[in-house]
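What's counted below: heavy atoms across the whole structure, side chains too, no hydrogens, waters or symmetry copies. Protein chains get the first letters and strands the later ones, always in sequence-line order, with residue 1 at the start of each. Just so it is clear, the model here is predicted, and its values are computed rather than measured.
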Protein chains: 2
Amino acid sequence: MSKKGERRRAEVIAAAVEIFARDGFNGASFASVAEAVDLTLPGLLHYFPNKVDLLLEVLEWRDDNSGIPANSAAIGWRDMLEQLQCLNRKNAGMPGVVRVFSILNAEALTENHPASDWFDERFSHIRDIMAGSFARGIAAGEITTGVDPEMIANEVIAFMDGLQVAWLRSPDKVDMVKSFDSYVARLIRSIETGKD
Amino acid sequence: MSKKGERRRAEVIAAAVEIFARDGFNGASFASVAEAVDLTLPGLLHYFPNKVDLLLEVLEWRDDNSGIPANSAAIGWRDMLEQLQCLNRKNAGMPGVVRVFSILNAEALTENHPASDWFDERFSHIRDIMAGSFARGIAAGEITTGVDPEMIANEVIAFMDGLQVAWLRSPDKVDMVKSFDSYVARLIRSIETGKD
DNA sequence: GTCTATATGCGGATAGAC
DNA sequence: GTCTATCCGCATATAGAC
């Protein structure tokens, strides 16, 4: 709990983000994280009792620093989409962070992966917020009644995630910002009710 | 090359698909594949000289059995989208296969992953076919001139891949077929030129 | 708070017999 | 074509000294 201890822990998490981004969680060795912060493996184990625990703290760190609005319960759907575009723009500037989460996200699909629950909950939490937002848009007559709020929420999330993977694979072939903006613009045009 | 040998190899590949789907490539042990086909590890090594080689053959097997049209160079964009919907429908019936490729796809984003090249090439190949298709649609006046063929191609691929991950994570919350169909329908409406 | 030394187990791969 | 036996290396983790 000492000041120096806290600083050390933060250093470790930052290093872990980079290493998990490069090798995934399964592929990364705990020792390589230790080395990155000039500790021996037992030295690192003093701060994090095991590798899984470190992973969970990395994920938690993301929660704190993510652009995901914690309590934006009643946000309007246009504002919500704009916020996502903003987040996406920020992401485009930090490929390392996007890498960790894209890789861990898929890795967590494997059996008994320690991050499964975290991604499950994150996914359903975001979906709920977004679906609610779209639902209110429909109720307010701003969105066509034919639209299924949950389905559109899923769609936007799926596209964002898939786009990140495509961008990481071919950064020079995929313009993540332009692509997402163009998608959102088309989405809005196609679900909003006629000009009123 | 014997008949029995070929059959054995096919069995192994089928087993590997299942095991890689469950554990990923990094997570899966070569020995567990051997066990699944009632072989010892050295017995399996007789057929596949190493683990990476097995992975590459699994990927190759996918190429042969995938719905990706090998030489559909001049396919129309509407037909092409319909083919994707058809593929997607088939995918919805074989979650195991989708799992392997979703997991490997992301795992291959890690440094020095043996499947990186395969996914790179697959991605750019599909994008080229699709982009060409959209480009001809624009030239023919069927698609709005404002549309960027490569960007839309990337978008469709990214959405398909992201949707698969979302579906695998929450099969009961994500209807992959309905979601993709609804997306494609909206895409068409928003890029086609006005009724003529 | 950080180290040395070490235990333990697993993963991939080889040698060589049958 | 398949096995037994075995090697090597790495990874997580522990014990205990400083």
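Here B:Trp77 pairs with B:Glu142 under the side-chain hydrogen bond (donor to acceptor under 3.5 Å, both in side chains) rule; sequence neighbours left out.
Atoms CG (A:Leu54) and C1' (D:dT12) sit 13 Å apart, rounded to a whole Å. With rounding to whole Å, A:Leu39 atom CG is found 15 Å from C:dT4 atom C1'. Rounded to an integer number of Å, the gap from CD of A:Glu35 to C1' of C:dC3 is 16 Å. What separates CG of A:Leu44 from C1' of C:dT4 is a distance of 16 Å, to the nearest Å. When the P atom of C:dG1 is taken as reference, atom CZ of A:Arg9 falls 11 Å away, rounded to whole Å. Rounded to an integer number of Å, the gap from CD1 of B:Ile19 to P of C:dG11 is 12 Å.
The two residues B:Pro114 and B:Leu55 have their closest heavy-atom pair at CG-CD2, 3.8 Å. Among all heavy-atom pairs drawn from B:Ala153 and B:Met130, the shortest one is CB-CB, 3.8 Å.
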For nucleotides 12-17 of chain C, print each protein N/O atom paired with a nucleotide N/O atom at under 3.5 Å, atom names and distance only.
residue : atom : partner : partner atom : Å
C:dG12  : OP1  : B:Phe30 : N            : 3.1
C:dG12  : OP1  : B:Lys51 : NZ           : 3.1
C:dG12  : OP2  : B:Phe30 : N            : 2.8
C:dA13  : OP2  : B:Lys51 : N            : 3.3

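A salt bridge links B:Glu192 and B:Arg78; the closest N-O separation between the charged side-chain nitrogens and carboxylate oxygens is under 4.0 Å.
Linking ILVMFWY side-chain heavy atoms closer than 4.5 Å, directly or via other members, places B:Met151 and B:Val184 in two distinct hydrophobic clusters.
The ring-ring contact (aromatic ring centres under 6.0 Å, His included) analysis of residues 19-41 of chain A, with sequence neighbours excluded, yields the pairs A:Phe20-A:Phe25, A:Phe25-A:His113.
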